[in-house]
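These numbers come from the heavy atoms of this one structure, side chains and all, not from hydrogens, waters or symmetry mates.
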Protein chains: 2
Amino acid sequence: MVTKQLLKGLPEDADLRRADSLAREIFSDIANKWALLIIEALGERTLRFSELRDEVEGVSHKMLTQNLRMLERNGLVDRKVHPTVPPRVEYTLTEPGRALRTAVDVICGWTYQHLGHIESARGRFDA
Amino acid sequence: MVTKQLLKGLPEDADLRRADSLAREIFSDIANKWALLIIEALGERTLRFSELRDEVEGVSHKMLTQNLRMLERNGLVDRKVHPTVPPRVEYTLTEPGRALRTAVDVICGWTYQHLGHIESARGRFDA
DNA sequence: CCGGATCCTTATGGATACTG
DNA sequence: CAGTATCCATAAGGATCCGG
């Protein structure tokens with residue numbers, strides 16, 4: 001992730017390398033379609049599990065729970081269980097989660113801005 | 001991607017829905033680990049295939065070519081083949097590619113900034 | 001309503017070998 | 001050196017069921 005020169009093997013690089021590998025791990029966790037779409041869907045508001053499933057279209061029950069667990073584990077979303085019957089579980093972005101969301105926003109905006117460019121690039125490539 | 005109300009089925013929504021599904025497709029393409037790491041690695045400079053493989057650590061030959069083709073098809077990278085022997089192929093971010101890179105930069109920065117928070121969140125979760 | 005577990009089918013991705 | 005193709009193990013992901 002960080003430039004290659006960090007990997008020269010000097011003694012004091014030890015914790016830098018450790019940080020780097022941790023960063024890679026986290027990056028691999030969040031740099032996936034569903035995680036990013038969930039973060040984007042949560043936006044500013046709190047959503048229940050079933051609302052999220054409607055909001056993030058195409059996501060399966062399994063992928064949703066799986067990614068929510070991962071995001072919760074990494075401290076990006078907060079999971080609040082209301083002990084009612086039927087149960088009510090709400091998901092909210094934490095502060096770091098909201099910070100990351102702004103980056104996801106940029107990507108979404110970028111996508112819409114470049115639809116035209118991408119479509120024509122595809123046309124050229126496929127020819 | 002865009003809010004659900006766009007899907008109400010009114011006639012004039014037709015091309016909005018089309019744009020939306022195209023955006024989803026593009027998003028699915030680029031929202032993956034290797035694509036983002038390649039974009040980040042390309043940064044401002046031009047790199048050869050073999051340099052990229054060294055730079056993006058852990059990427060296999062197959063994943064690299066596969067993602068490079070995809071990025072080229074979507075007009076994010078430019079592929080320049082020098083007809084020498086041995087061949088020399090250079091990859092460069094296009095203007096849209098560089099625009100997206102700034103968003104990827106933000107994600108990378110975010111990751112390093114929140115290493116501590118994430119580590120302790122994991123500690124709590126795993127307990 | 002939420003979530004875990006199971007089964008089962010695809011898709012992903014690595015290793016390898018071969019071409020220009 | 002760069003790219004394609006093939007083979008193959010394993011992981012991802014959908015469907016379904018049951019339990020709290």
Side-chain angles (χ1 to χ4, degrees), chain A residues 24-39 41-42 45-74 76-93 124-127, chain B residues 24-39 41-42 45-74 76-93 124-127:
Chain A
R24 293 279 300 211
E25 201 185 312
I26 296 165
F27 192 85
S28 298
D29 269 359
I30 62 180
N32 89 67
K33 185 183 167 180
W34 294 128
L36 295 182
L37 287 175
I38 288 169
I39 289 170
L42 279 177
R45 57 223 160 99
T46 291
L47 290 177
R48 308 180 49 173
F49 182 87
S50 46
E51 292 171 327
L52 261 175
R53 182 162 54 186
D54 294 343
E55 205 70 22
V56 181
E57 79 167 58
V59 73
S60 68
H61 187 123
K62 188 180 182 178
M63 284 302 96
L64 188 51
T65 47
Q66 193 167 302
N67 279 277
L68 282 172
R69 286 303 152 270
M70 180 274 288
L71 291 173
E72 186 193 358
R73 180 170 119 88
N74 288 319
L76 298 192
V77 307
D78 184 56
R79 177 168 176 268
K80 172 124 193 177
V81 182
H82 299 272
T84 61
V85 39
R88 176 185 189 85
V89 183
E90 294 182 327
Y91 294 93
T92 316
L93 287 184
R124 263 176 276 119
F125 185 92
D126 295 343
Chain B
R24 294 279 300 210
E25 200 184 312
I26 296 165
F27 192 86
S28 298
D29 268 2
I30 62 179
N32 89 69
K33 184 184 167 182
W34 294 128
L36 295 182
L37 287 176
I38 288 169
I39 289 170
L42 279 177
R45 57 226 159 99
T46 292
L47 290 178
R48 305 180 51 170
F49 182 85
S50 46
E51 292 172 327
L52 261 175
R53 182 162 53 186
D54 295 341
E55 206 69 23
V56 181
E57 78 167 58
V59 72
S60 67
H61 188 124
K62 189 181 181 179
M63 285 300 98
L64 186 52
T65 49
Q66 195 167 300
N67 279 277
L68 281 172
R69 287 301 155 271
M70 179 275 286
L71 291 172
E72 186 192 359
R73 181 170 119 88
N74 288 320
L76 298 192
V77 307
D78 184 55
R79 177 167 175 269
K80 173 127 193 177
V81 182
H82 298 273
T84 60
V85 37
R88 177 186 188 84
V89 183
E90 294 183 328
Y91 294 92
T92 316
L93 286 184
R124 263 176 275 120
F125 186 92
D126 295 342

Original post:
How far apart are the closest heavy atoms of B:L71 and B:A35, and which atoms are they?
Top reply: CD1-O, 4.2 Å

Original post:
Minimum heavy-atom separation for A:I39 to A:L93, with atom names?
Top reply: O-CD1, 3.8 Å

Please give, in whole Å, the distance from [N] [atom2] to [X] [atom1]?
X	N	atom1	atom2	value
B:M63	D:dA11	CE	P	15 Å
B:E72	D:dG3	CD	C1'	12 Å
B:L52	D:dC1	CG	P	15 Å
B:L64	D:dA2	CG	C1'	10 Å
A:K33	D:dA12	NZ	C1'	12 Å
B:L37	C:dG13	CG	C1'	16 Å
A:N32	C:dT12	CG	P	13 Å
A:Q66	D:dA11	CD	C1'	11 Å

Considering just the side-chain nitrogens and oxygens of [X], establish if one lies under 4.0 Å of OP1 or OP2 belonging to [N].
X	N	answer
A:T65	C:dG4	no
B:Y91	D:dC1	no
B:R48	D:dC1	no
A:S60	D:dG13	no

Original post:
More 5' along DNA chain C: B:G58 or A:R79, using each one's nearest nucleotide?
Top reply: A:R79

Original post:
Under 3.5 Å, is there an N or O donor on one side and an acceptor on the other linking the side chain of B:H61 and the base of D:dG3?
Top reply: yes

Original post:
Between A:H61 and A:F49, is a side chain to side chain contact (heavy atoms under 4.5 Å, CB included) present by the stated rule, with each step listed?
Top reply: CA-CA 9 Å; A:H61 187 123; A:F49 182 87; 4.2 Å; yes

**OP:** With the side chain of B:R69 defined as its heavy atoms from C-beta on, choose the nearest nucleotide among C:dC2, D:dT4, C:dG14.
**Re:** D:dT4

Subject >> Pair A:E51 + A:R45: basic N to acidic O under 4.0 Å >> reply: no

Original post:
Taking only residues two or more places apart in sequence or in another chain, which ones pass side chain to side chain donor-acceptor pair (under 3.5 Å) with A:R48?
Top reply: none

Original post:
Looking for any heavy atom pair under 4.0 Å, which part of the strands does B:R53 touch: base, sugar-phosphate only, or nothing?
Top reply: nothing

Original post:
5'-most contact on DNA chain D: B:V89 or A:K62, nearest heavy atom basis?
Top reply: B:V89

